[in-house]
Amino acid sequence: MKKHRHKPIVQITAEEIEQYALAMTTEESHQVQELVASSAAKLDYIDMLSGNLVGQLLRLLIKVSGAKRVLEIGTFTGYSALMMAEALPEDGEITTIEMNIRYQELAEQHFDEFDSNGKISLIKGNAREIVGELDEYFDLVYLDGDKISYPFYFEQYVNKLKEGGLMVIDNALWNGTVLEPEDQKAEALHRFNKQVADDDRVEQVLLAVSDGVTIIRKK
């Protein structure tokens, strides 16, 4: 896995259990499967894709909450944005922010090909700098990029959430390394997890799903 190359990986859930869970989870659409295949053909590593367990969780949260305005931090090649776009109502829209130029190019190609309803808007740039330019409020914010900045993003983007809005955070357990942080990303994620747990503006649950998914609701 790219994010922990040359380091031992802790499997959060037993592999056979995770495979069983995947087998019992709604499959990705044909369009999303094609996006995955395209990403794999053009990149050496696609471990940063959210994956179907997280993707379907995002889809269900959108449908259950009735979210229409979604903000995503970290587009990669467009997997999670497309998954969420498919779950949105006709008047729904996603703003997704990506800084990496290669990922921007691939995401644009995929959105042109697979986002037939034009629900996804890609902003190219650094989300830390762009937050001040966003004057609208969102029903759901999905954090999945720039792990070191998670504490910053939480403070900035929780203010962009409507009352009762949701924030979903991927990689909250960082392959278990948050238990004994030994690098910057693990330390930042542990600090972020504590920050959320101590914040009385929100209520949250950290799920041991995939690489750890936190669901936050703004009170």
Side-chain angles (χ1 to χ4, degrees), residues 1-67 70 72-88 94 96 103 106-107 110 114 140-145 147 150 166-182 185-186 189-190 192-193 196-197 203-217:
M1 298 176 72
K2 183 178 180 183
K3 65 183 181 181
H4 288 294
R5 207 179 307 158
H6 309 310
K7 294 184 179 181
I9 301 300
V10 176
Q11 182 72 31
I12 301 300
T13 306
E15 186 174 356
E16 61 272 23
I17 294 177
E18 184 150 332
Q19 290 304 314
Y20 180 87
L22 280 167
M24 299 299 165
T25 297
T26 302
E27 290 186 355
E28 299 154 327
S29 69
H30 179 66
Q31 289 81 4
V32 172
Q33 291 176 16
E34 288 189 356
L35 184 150
V36 173
S38 172
S39 301
K42 296 172 181 175
L43 295 173
D44 292 331
Y45 298 90
I46 59 169
D47 62 301
M48 289 190 288
L49 291 179
S50 298
N52 196 35
L53 290 179
V54 177
Q56 295 296 346
L57 178 60
L58 288 168
R59 289 171 58 89
L60 287 174
L61 288 172
I62 286 173
K63 291 183 177 182
V64 169
S65 68
V70 176
E72 176 182 58
I73 309 302
T75 313
F76 191 39
T77 63
Y79 178 93
S80 50
L82 184 59
M83 288 282 278
M84 291 188 286
E86 291 179 342
L88 285 171
I94 294 176
T96 182
Y103 301 157
L106 292 176
H110 293 152
F114 302 120
L140 186 147
V141 174
Y142 178 46
L143 296 184
D144 190 27
K147 313 303 176 186
Y150 271 17
L166 302 176
M167 186 178 291
V168 183
I169 293 83
D170 202 6
N171 307 115
L173 293 176
W174 203 237
N175 288 112
T177 59
V178 291
L179 299 179
E180 297 181 3
E182 295 182 354
K185 289 184 179 180
L189 285 162
H190 174 62
F192 163 78
N193 291 334
V196 173
E203 51 190 347
Q204 70 286 332
V205 57
L206 200 171
L207 303 174
V209 173
S210 188
D211 193 28
V213 179
T214 298
I215 302 172
I216 299 168
R217 178 184 178 274

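These values consider heavy atoms only, across backbone and side chains, with no hydrogens, waters or symmetry-generated copies.
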- Task: Evaluate the side chain to side chain contact (heavy atoms under 4.5 Å, CB included) criterion for residues Leu140 and Ile62: first the C-alpha distance (whole Å), next the side-chain angles of each, then the deciding distance (0.1 Å), finally the verdict.
- Result: CA-CA 8 Å; Leu140 186 147; Ile62 286 173; 4.1 Å; yes
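- Leu61 has its side chain within reach of Ile215: a pair of non-hydrogen atoms, C-beta onward, lies under 4.5 Å apart.
- To the nearest 0.5 Å, the span separating CD1 on Ile169 from CD1 on Ile73 amounts to 11.0 Å.
- Inter-residue side-chain proximity for Leu173 and Leu206 is flagged as met; some heavy-atom pair is nearer than 4.5 Å.
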- Might you work through the side chain to side chain contact (heavy atoms under 4.5 Å, CB included) test for Asn52 and Met83, ending with a clear yes or no? CA-CA 9 Å; Asn52 196 35; Met83 288 282 278; 3.6 Å; yes
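- Between the CD atom of Glu34 and the CD atom of Gln31 there is a distance of 6.5 Å, given to the nearest 0.5 Å.
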- Task: Verify side chain to side chain contact (heavy atoms under 4.5 Å, CB included) between His190 and Leu179, making sure each step is shown before the conclusion.
- Result: CA-CA 8 Å; His190 174 62; Leu179 299 179; over 6 Å; no
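- The two residues Thr13 and Ala208 come nearest to each other via the heavy atoms OG1-O, 3.5 Å.
- Annotation: side chain of Val141 is not in contact with side chain of Glu72 (no heavy-atom distance under 4.5 Å).
- Listed for the Asn193 side chain is a donor-acceptor partner under 3.5 Å among the backbone atoms of Ala172.
- Ser29 places a side-chain N or O within 3.5 Å of a backbone atom of Val32 that can act as its donor or acceptor partner.
- Of the possible polar contacts, one joining the Asp211 side chain to the Asn175 backbone as a donor-acceptor pair under 3.5 Å is found.
- If you take CG on Leu106 and CG on Leu35, they are separated by 9.0 Å, rounding to the nearest 0.5 Å.
- To the nearest 0.5 Å, atoms NZ (Lys147) and CH2 (Trp174) are separated by 5.5 Å.
- Nearest heavy atoms, Ala67 versus Leu88: O-CD2, 3.3 Å.
- The backbone N or O of Leu143 lies less than 3.5 Å from a partner atom in the side chain of Tyr150, making a donor-acceptor pair.
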- Evaluate side chain to side chain contact (heavy atoms under 4.5 Å, CB included) for Ser80 paired with Leu58, printing each intermediate quantity in order. CA-CA 8 Å; Ser80 50; Leu58 288 168; 4.3 Å; yes
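- Heavy atoms only, all atoms of each residue included: Ala186 and Val178 are closest at O-CG1, 4.0 Å.
- Residues Met48 and Tyr103 meet the side-chain proximity criterion, which asks for heavy atoms closer than 4.5 Å.
- Heavy atoms from other residues, nucleotides or ligands lying under 6.0 Å from CD of Gln33 number more than 12.
- Side-chain contact between Glu86 and Arg59 is present, with at least one heavy-atom pair separated by less than 4.5 Å.
- Across all their heavy atoms, Ala81 and Ile94 have their closest contact at O-CD1, 3.2 Å.
- Contact check for Val36 versus Ile46: side-chain heavy atoms found under the 4.5 Å cut-off.
- With 3.5 Å as the limit, one finds no donor-acceptor pair spanning the side chains of Thr96 and Tyr142.
- The closest side-chain heavy-atom distance from Ile216 to Glu203 is not below 4.5 Å.
- By the 4.5 Å heavy-atom criterion applied to side chains, His110 and Thr77 are counted as neighbours.
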